[in-house]
4 protein chains.
Amino acid sequence: MMAEDAMETACRSGARAAAQRTRILQAAQKCFVEHGFHAASMATIAQTAEMSPGLIYRYFRSKSEIILAIIERQLEIVRERIGSLHVANDLAAGIADSFHAPTDCHDDMIIAPLFLETSAEATRDPQVGAAVAAVDTAVRTEFTRVLMRAREEGGYGLPEELATKRALMLLCLFEGLKVREAREPHLDHGLLESALGDILGLLLAPQSAEPAG
Amino acid sequence: MMAEDAMETACRSGARAAAQRTRILQAAQKCFVEHGFHAASMATIAQTAEMSPGLIYRYFRSKSEIILAIIERQLEIVRERIGSLHVANDLAAGIADSFHAPTDCHDDMIIAPLFLETSAEATRDPQVGAAVAAVDTAVRTEFTRVLMRAREEGGYGLPEELATKRALMLLCLFEGLKVREAREPHLDHGLLESALGDILGLLLAPQSAEPAG
Amino acid sequence: MMAEDAMETACRSGARAAAQRTRILQAAQKCFVEHGFHAASMATIAQTAEMSPGLIYRYFRSKSEIILAIIERQLEIVRERIGSLHVANDLAAGIADSFHAPTDCHDDMIIAPLFLETSAEATRDPQVGAAVAAVDTAVRTEFTRVLMRAREEGGYGLPEELATKRALMLLCLFEGLKVREAREPHLDHGLLESALGDILGLLLAPQSAEPAG
Amino acid sequence: MMAEDAMETACRSGARAAAQRTRILQAAQKCFVEHGFHAASMATIAQTAEMSPGLIYRYFRSKSEIILAIIERQLEIVRERIGSLHVANDLAAGIADSFHAPTDCHDDMIIAPLFLETSAEATRDPQVGAAVAAVDTAVRTEFTRVLMRAREEGGYGLPEELATKRALMLLCLFEGLKVREAREPHLDHGLLESALGDILGLLLAPQSAEPAG
DNA sequence: AATGAATGAGCCTTCATTCAT
DNA sequence: TATGAATGAAGGCTCATTCAT
């Protein structure tokens, strides 16, 4: 009721504030991975972030805003990854490795449970649905572009129609891997890598004559 | 007063009891799809089932038992579907169609949001994790078997190692489709069908000489 | 709404009805002893009485009416026991024996937990309080009368004032034994009997010269 | 901001926390006396304590923990009282006075309804049963010791066997008084005091020759 | 007379959020 | 900025009671 700088309604700015927000988001992500969006309580998040529950509300308006931020960050990671299709040499190995990576609070990974809950939430929350659809469309578009690009330019030289189909299937495949990560975490690493090698070989092979579907 | 001594699944037996259980499960499934496992309240489920909250507990011991029952039913559907790979003629079309099917309480469909939440839950609840892993392993095994079976016997005549890899990728692909269903519900139906046709053609093609990965 | 014999508002009459009431009361008593007045549910009582919950309400208007009936029966037993002071020979042994009697549904025993819960309830429910106080006063009066009666008439020949005091103390003693029964159920039987013999000897001894209080 | 690192009894520490715990326990005791352990609701307790229901759970894990705390406190009072037999002068008056003391939330009194419900609960809850039995045994032991102690040392000079019996009977008598307090709250004070004087005179009298039982 | 399915109020408990300090 | 005590609205679940059969 005294010094009350009421002009800062939303979030804060400045280096300190950013650090706090990051701290909270990392804690929240850890809790969400461990318990899910709903089962993770603000108290637990606060404890994990080693701060008081009240303080969190200085940086986020609500729990749902934190969830949105986490989802947004996950989408951001996807956006950052767009284009990694270039490096076709060890693609299978890279993807397979990220499969068995530890679920730590790595800030640059698509965490399977978060991905799944986000995808489910997309069917309920229009805001999430729109954001997710936008990113996915962008990814498919970029995938398609890379598949169409000439081989000598680091692409795969597929004709547009085929590239569009293959891009979609690639996306499904990668997302399916996230599902697999959650449902069968002890999946054999060697099998996974060679299976990926096989299918990527098929999908990205230079086109001469298509097999009859 | 009708067939009295029927299968005693859980708490009560009898035709009436079975009908009530079904009614509850359908209502619960609807609520879970709309709000998620944890956000759906027993009160909402009761209202959807057009009964009082207390009555539900005559047929299910707890909310979590209902969740488990729903999950178990979804897994059951998967089990029932194992082997549909045989019918390779319109496989792509069939899968694509089920993609755009209405999300009604149809009792024989794998509902995308439920599938995703279940997969996420598998990460946390060991009971769910075990059930899910068991089913998935069975599916992969059956997929592999079909891929290995001779063409004249309705199979695809793949050698074992390749069949194992392709089965895994097929599973990922199908699961990825469920993700897509949630994230991009308005995906173009024709594209999806032809993309599926293309990739299934690649994966299930008769083997003469493999393309170099 | 059809044949509705509305003239039977309260309980039923007839041999069958009485038997049912008894059956219910015995079941209720057993449940109350095991779980307490509040923790025992009507469903449990019904199950114990091997009848449906609904049927109970044909014979008792409410659970609280059953509780009252049980309390009333316990008081009745007390009333019936009034006057047993006559038989002074084996009084100590008799009391001590009833201490270690099995807690079965014996219909003619003062059950310790019921006695205690009833006494507690007496401080809350005026109806119970009044009934209990009435019985206790009667008991004290009768005790006093016996203590005053001449020895040759089966009494103890105490003067009125002393008899009044001793009657009160005897009542406390007996009630204290009920408490002991609940709190120290494995109390040594021999000790109890001889302790009772000792104190009864003191209290009921022929009066020549009183000790100075 | 005051004495910060105090005794950490349960969940929280600090002067404020202790005060809150006390506040809750006093409110709970009042409610338990008025309604009984099970009939008193957390909402009522919270209202009595003039706080929100949720806050109680900051200081107690559950209702049952509160009940246990109340019971434990009552037992503690008994422990503190052990040994008051010394002061034989006005013993009868003192006991009689405490009989008619107001039932306020005095923190150092054995409240009759609580005592009775606790005793009944001892029959059902093993934890309560054990605690109660332990205290009672201690009390009897101490009573016996005092009765055996030489008169010149503030005791009553009874031989061991007799002391054991009389100690048991004294305990019953005192407990019976608690029953009486609940069942006949308007019992004549003068009568009670003189009756106690009489019986204590008998039980604690110097031993020369026992009367024949 | 008898059943047991059904109701709905109320109970214990949790938790997102606020606010005095 | 930071705390954590406090709130109060649900949430899951139980149970006395009713009623169609």
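Convention: sequence-line order gives letters A, B, ...; per-chain numbering from 1.
Side-chain proximity of B:Met51 to the nucleotides F:dA2, E:dA5, E:dT7 is greatest for E:dT7. Of all nucleotides listed (E:dG8, E:dA1, F:dA6), E:dA1 comes nearest to the side chain of C:Tyr59. With E:dA5, F:dT1, F:dA5 as the candidates, the nucleotide lying closest to the side chain of A:Arg16 is F:dT1.
In this structure, A:Ile56 atom CD1 and E:dT18 atom P are separated by 13 Å, rounded to whole Å. B:Ile45 has its CD1 atom 18 Å from the P atom of E:dG8, to the nearest Å. One atom, CZ of C:Arg21, and another, P of E:dA1, lie 13 Å apart when rounded to the nearest Å. In this entry the distance linking CZ of D:Arg58 with P of E:dT13 reads 17 Å, nearest Å. Regarding D:Phe60, its CZ atom lies at a distance of 13 Å from the P atom of F:dA6, rounded to whole Å. Distance, B:Gln47 CD to E:dT7 P: 12 Å, rounded to whole Å. Atom CD in B:Gln20 sits about 12 Å away from atom C1' in E:dG4, given to the nearest Å.
Not counting sequence neighbours, the partners of C:Thr22 by the side chain to side chain contact (heavy atoms under 4.5 Å, CB included) test are C:Gln26.
Atom CD of C:Glu121 and atom CG of C:Leu68 lie 8.5 Å apart (nearest 0.5 Å). Atoms CD and OH, from A:Glu65 and A:Tyr57 in turn, are 10.5 Å apart once rounded to the nearest 0.5 Å. If you take OG on C:Ser119 and CD1 on C:Ile71, they are separated by 9.0 Å, rounding to the nearest 0.5 Å.
C:Glu76 CD: more than 12 foreign heavy atoms inside a 6.0 Å radius.
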Sugar-phosphate or base contact per nucleotide [nucleotides 10-17 of chain F; S, B, -; heavy atom under 4.0 Å]:
--SBBBSB

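A salt bridge links C:Arg124 and D:Glu117; the closest N-O separation between the charged side-chain nitrogens and carboxylate oxygens is under 4.0 Å.
Remark: C:Ser52 is in phosphate contact with E:dT3, judged by side-chain N or O atoms under 4.0 Å from OP1 or OP2.
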Let's test your reading of the pairing rules: Watson-Crick or G-U wobble, both distances under 3.5 Å, then write DNA chain E as a dot-bracket string with ( ), [ ], | and dots.
.||||||||||||||||||||

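Looking at every heavy atom in both residues, D:Thr123 comes nearest to C:Val33 through CG2-O, 4.5 Å. Contact between A:Ser52 and A:Ala46 at its shortest, heavy atoms only, is C-CB, 3.9 Å. The shortest non-hydrogen separation linking C:Arg23 to C:Ala49 is NE-O, 2.8 Å.
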